[in-house]
Number of protein chains: 2
Amino acid sequence: MSPRRATIADVARRAGVAPSTASVVFSGKTSVSDATRARVLDAADQLGYTGPDPVAASLRTGRSGIVGVVFEEHLGRAFLDPVKTLMMDGLADAVAPLGAGLLLLRDQEPAGTGPTLTTAPLDAAVLVGCSGLLRESLHAVRARGIPVVVIEGDAGEDVPRIDLDNREAQRQAASHLRGLGHERVATVTLPIRAGWRAGWVEPDAEISVEVTRDRLDAVRDVYPDAPAYAASASSIDEGLAAGRVLLADPGTRPTAVIAQSDLLGAGVIRAAEELGLDVPGDVSVTGFDGIVVDGLAPYRLTTLVQPATEKGRAAGRAVAALVDGDDAPSISLTSTFREGNTTAPPPSPASVD
Amino acid sequence: MSPRRATIADVARRAGVAPSTASVVFSGKTSVSDATRARVLDAADQLGYTGPDPVAASLRTGRSGIVGVVFEEHLGRAFLDPVKTLMMDGLADAVAPLGAGLLLLRDQEPAGTGPTLTTAPLDAAVLVGCSGLLRESLHAVRARGIPVVVIEGDAGEDVPRIDLDNREAQRQAASHLRGLGHERVATVTLPIRAGWRAGWVEPDAEISVEVTRDRLDAVRDVYPDAPAYAASASSIDEGLAAGRVLLADPGTRPTAVIAQSDLLGAGVIRAAEELGLDVPGDVSVTGFDGIVVDGLAPYRLTTLVQPATEKGRAAGRAVAALVDGDDAPSISLTSTFREGNTTAPPPSPASVD
DNA sequence: TTGTATGCGTTATCAG
DNA sequence: CTGATAACGCATACAA
């Protein structure tokens with residue numbers, strides 16, 4: 001089509017100024033007389049010049065304006081999780097002042113050709129996830145000397161982390177149930193490791209997902225013998241399946257179920273409904289996250305509200321600091337307990353009183 | 001920290017070869033003797049050189065390996081929509097062979113500082129959305145001479161589009177209901193314009209969202225007088241609200257509701273349940289999208305299955321073609337009708353027969 | 001198979 | 001406030 005795209009040199013020539021002057025007009029780093037500014041802008045207009053080439057500018061300034069966000073999973077899966085979605089929102093907000101955008105990256109690119117951590121022009125990277133899979137990504141990034149922040153991940157070393165007080169928070173839910181008088185409590189957990197398929201968590205099971213382990217430990221702090229069933233994902237359908245298993249047998253049925261996510265909790269409620277059980281009359285249910293579960297009304301889950309958006313924002317701020325050469329502290333965010341209408345004292349077992 | 005990052009020149013020097021040779025070792029564009037390759041790799045290793053600087057390489061090759069994806073809305077909102085999520089998956093797949101990653105961009109950056117369309121190093125852009133808001137983005141991109149593809153958008157001009165056969169598809173659902181004998185049918189639509197708040201769609205209302213208009217027209221093709229209620233978003237809760245309005249009055253209650261998305265349809269079903277109505281005994285419900293609605297089981301919506309992932313893939317392929325200098329055709333994808341268990345003949349009004 | 005030379009489009013620096 | 005100059009780090013055409 002066009003013979004060649006105009007460059008800032010062309011613009012300068014046409015405006016009768018030096019390239020450096022034209023450059024300054026666009027960057028605004030130095031003041032320019034109104035007259036020359038107008039001439040330059042005019043020339044740019046005539047040439048169809050829309051501004052400095054980002055790549056060339058990056059090469060010169062050393063900044064690309066791009067922050068990579070690395071997920072362990074298929075992108076589609078990641079965004080199915082409302083918490084991650086909110087986190088992305090916060091992240092987008094926080095890196096905007098930096099003038100940066102978010103580049104979506106997957107941890108393990110389908111072999112061969114890929115964009116990725118090693119070949120993308122990154123100013124910084126945010127690793128999102130929990131298991132140790134990120135190890136490799138972490139290494140790649142650090143080798144390149146790119147600042148990195150980890151959200152809820154076991155990064156070890158001196159990488160700034162953004163974390164949640166999972167154990168303390170989850171313990172509040174458990175304590176709340178104990179305060180109500182519950183004795184028989186079960187828990188539905190998030191996956192205990194990558195590739196996990198739903199099932200009971202054996203006492204000696206190895207739990208490689210930190211979030212899962214922390215929240216489970218919290219439940220055990222209060223109810224040492226609570227049976228745990230791990231779902232294969234955080235979704236209503238998975239919670240429903242787990243709920244069926246947990247609530248099916250009237251003999252062993254718990255009077256309360258602690259779910260590690262609101263979606264799982266919503267599923268457990270559905271399971272209870274299905275079995276003709278009243279929530280919270282027959283069985284109490286707690287969640288975790290504090291998201292709005294679409295379609296769950298009129299139930300309002302008793303849950304731990306985690307600052308999901310703030311998580312992203314904190315990560316974004318940390319990234320911004322690192323990019324500016326400052327160092328960023330690790331941060332632990334706290335969740336707050338919110339009582340809804342899905343928890344109540346357990347049904348009195350024998351007496352109708 | 002480090003005095004200065006090693007460059008390929010440093011590596012070459014240390015390996016005792018020319019920079020171009022070292023370059024070739026990393027790009028693999030030409031064969032190199034095993035001996036020199038080893039020497040170069042070795043030198044790189046010692047120097048902590050992790051590969052060519054992406055930015056410098058981009059400047060030279062003219063490719064950044066980045067495809068921008070532009071949303072009209074807040075990122076969080078966009079990813080709440082399962083269809084968009086799937087689309088992103090397809091897109092990610094299709095641009096991977098190109099060696100490209102996806103950069104998230106918002107249509108209207110909160111004024112002032114921002115990343116954006118004009119300042120990001122882009123090989124191509126994909127515009128996602130329906131209203132005319134994208135006009136500005138479109139202009140910015142084209143001015144830069146960047147290839148662009150529009151998904152379900154009114155791009156006009158000669159921009160390749162990826163579209164859906166909304167009207168034909170939706171008509172199938174309407175015809176299906178007519179075939180079952182339904183006479184009184186209402187429809188719940190997606191928003192009719194940006195910023196719309198739920199409410200009835202007046203006959204003369206201006207509908208600026210193309211998808212909404214097409215699907216509504218299709219319903220009107222079959223049921224010219226069908227009342228239409230437009231939701232403010234595609235979600236179960238919005239569908240529930242709409243369903244309550246539509247189904248509340250037994251006198252005017254439709255025997256079937258055509259929802260413009262599966263989420264809305266799911267909400268209508270909930271509304272029916274709430275009112276003690278049987279689906280599909282008392283009221284039939286159809287959706288659109290063919291996604292898995294978390295928590296809707298045992299209902300399986302009668303719906304139009306749209307190739308959401310394929311939509312993204314097609315866009316990705318189009319982008320790839322454009323980047324390679326070929327031209328890409330506009331494409332219209334077709335949705336397929338799928339009968340679930342939420343539609344049945346209308347209840348016989350008077351007779352028990 | 002390897003080396004040489006050149007320019008991709010900018011912007012920081014510093015002198016005028 | 002403006003202009004000259006020198007990199008930024010690399011990939012390619014071409015010659016050897």
Side-chain angles (χ1 to χ4, degrees), chain A residues 2-41 43-44 47-65 99 118-123 144-145, chain B residues 2-40 43-44 47-65 99 118-123 144-146:
Chain A
S2 44
R4 199 180 109 262
R5 271 206 104 53
T7 75
I8 202 169
D10 300 327
V11 174
R13 198 173 314 125
R14 176 156 198 143
V17 302
S20 56
T21 304
S23 171
V24 166
V25 168
F26 288 100
S27 73
K29 298 260 183 192
T30 310
S31 40
V32 183
S33 80
D34 286 354
T36 36
R37 184 205 315 293
R39 278 226 308 294
V40 170
L41 257 23
L47 264 38
Y49 180 80
T50 55
D53 176 325
V55 177
S58 292
L59 179 59
R60 186 58 240 237
T61 62
R63 290 219 185 156
S64 63
T118 48
T119 64
L122 262 32
D123 284 346
R144 277 183 66 185
Chain B
S2 45
R4 196 181 110 261
R5 273 207 102 51
T7 75
I8 202 169
D10 299 329
V11 173
R13 197 173 316 123
R14 175 152 199 146
V17 303
S20 60
T21 304
S23 172
V24 165
V25 167
F26 287 101
S27 73
K29 297 260 186 194
T30 308
S31 40
V32 183
S33 79
D34 286 355
T36 39
R37 183 205 314 294
R39 279 226 307 293
V40 170
L47 263 38
Y49 180 80
T50 56
D53 177 324
V55 177
S58 291
L59 179 58
R60 185 59 237 250
T61 61
R63 291 219 185 155
S64 64
T118 48
T119 63
L122 260 32
D123 284 346
R144 276 182 68 185
I146 293 176

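By convention in this document, chain letters (A, B, ...) are assigned in the order of the sequence lines, proteins followed by strands, and residues within each chain are numbered from 1. These numbers come from a predicted model, not from an experiment.
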Undergrad: Please figure out whether A:Val24 or A:Leu59 has its closest DNA chain D nucleotide nearer the 5' end.
TA: A:Val24

Undergrad: Who passes side chain to side chain donor-acceptor pair (under 3.5 Å) against A:Ser64, sequence neighbours left out?
TA: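 With neighbours one apart ignored, the set is A:Asp123.
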
Undergrad: What does the inter-axis angle of the helix from C:dT1-D:dA16 to C:dG16-D:dC1 come out as, five pairs per end, nearest 10 degrees?
TA: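 One end's axis against the other's: 30°.
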
Undergrad: When you list every nucleotide of DNA chain C with an atom under 4.0 Å from a heavy atom of chain A, which one comes first 5' to 3', and which comes last?
TA: C:dG9 to C:dA12

Undergrad: Using the salt bridge (Lys or Arg N to Asp or Glu O under 4.0 Å) rule, collect all pairs that involve residues 16-27 of chain B, keeping only residues at least two apart or in two chains.
TA: none

Undergrad: For B:Thr36, check side chain to side chain donor-acceptor pair (under 3.5 Å) against everything at least two apart and list the hits.
TA: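 B:Ser33.
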
Undergrad: How many whole angstroms separate atom CZ of B:Arg5 from atom P of D:dA7?
TA: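 Atom CZ in B:Arg5 sits about 21 Å away from atom P in D:dA7.
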
Undergrad: Touch check for B:Val32, heavy atoms < 4.0 angstrom, all strands: base, sugar-phosphate only, or nothing?
TA: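 Result for B:Val32 = sugar-phosphate.
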
Undergrad: If you round to the nearest 0.5 Å, how far is CG of A:Leu47 from CD1 of A:Ile8?
TA: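 Result: 11.5 Å between the selected atoms.
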
Undergrad: Applying salt bridge (charged side-chain N to carboxylate O under 4.0 Å, His left out), can you list everything that pairs with B:Arg63, at least two apart in sequence or on another chain?
TA: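 Residues passing salt bridge (charged side-chain N to carboxylate O under 4.0 Å, His left out) with B:Arg63: B:Asp324.
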
Undergrad: Applying a 4.0 Å non-hydrogen cut-off, can you work out what B:Thr36 is touching in the nucleic acid: base, sugar-phosphate, or nothing?
TA: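 The residue B:Thr36 makes sugar-phosphate contact but no base contact.
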
Undergrad: Output every pair passing salt bridge (Lys or Arg N to Asp or Glu O under 4.0 Å) with a member in residues 21-32 of chain B, not counting sequence neighbours, ordered by first then second residue.
TA: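 Applying salt bridge (Lys or Arg N to Asp or Glu O under 4.0 Å) to every pair that reaches into residues 21-32 of chain B, excluding sequence neighbours, yields nothing.
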
Undergrad: In whole angstroms, how far is the P atom of D:dA11 from the CZ atom of B:Arg63?
TA: 14 Å

Undergrad: Hey, could you give me each pair passing salt bridge (Lys or Arg N to Asp or Glu O under 4.0 Å) that has a residue in residues 47-57 of chain B? Not counting sequence neighbours.
TA: none

Undergrad: Could you tell me which residues satisfy side chain to side chain donor-acceptor pair (under 3.5 Å) with A:Ser58, sequence neighbours excluded, listed by chain and number?
TA: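 Testing A:Ser58 for side chain to side chain donor-acceptor pair (under 3.5 Å), a comparison that skips the adjacent residues, returns none.
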
Undergrad: Using a cut-off of 4.0 Å on non-hydrogen atoms, how would the nucleic acid contact of A:Tyr49 be classed: base, sugar-phosphate, or nothing?
TA: sugar-phosphate

Undergrad: Which whole-number value in Å describes the distance from A:Lys29 NZ to D:dG3 P?
TA: 20 Å

Undergrad: How many whole angstroms separate atom CD1 of B:Ile8 from atom C1' of D:dT12?
TA: 12 Å

Undergrad: Between atom CZ in A:Arg13 and atom P in D:dT2, what is the gap in whole Å?
TA: 19 Å

Undergrad: Can A:Thr118 and B:Thr50 be said to form a side chain to side chain contact (heavy atoms under 4.5 Å, CB included), step by step?
TA: CA-CA 8 Å; A:Thr118 48; B:Thr50 56; over 6 Å; no

Undergrad: Which residue pairs satisfy the salt bridge (Lys or Arg N to Asp or Glu O under 4.0 Å) criterion with at least one member in residues 9-20 of chain A, sequence neighbours excluded?
TA: A:Arg4-A:Asp10, A:Asp10-A:Arg13

Undergrad: Between D:dC8 atom P and B:Asp53 atom CG, what is the distance in whole Å?
TA: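 Going from B:Asp53 (CG) to D:dC8 (P), I get 12 Å.
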
Undergrad: Short of 4.0 Å, heavy atom to strand atom, which residues of residues 14-23 of chain A count as contacting DNA chain C?
TA: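 Within this stretch, A:Ser20, A:Ser23 sit under 4.0 Å of the strand.
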
Undergrad: Does the side chain of B:Ser27 get closer than 4.0 angstrom to OP1 or OP2 of D:dA11 through an N or O atom?
TA: no

Undergrad: For B:Pro52, check side chain to side chain contact (heavy atoms under 4.5 Å, CB included) against everything at least two apart and list the hits.
TA: B:Phe26, B:Tyr49

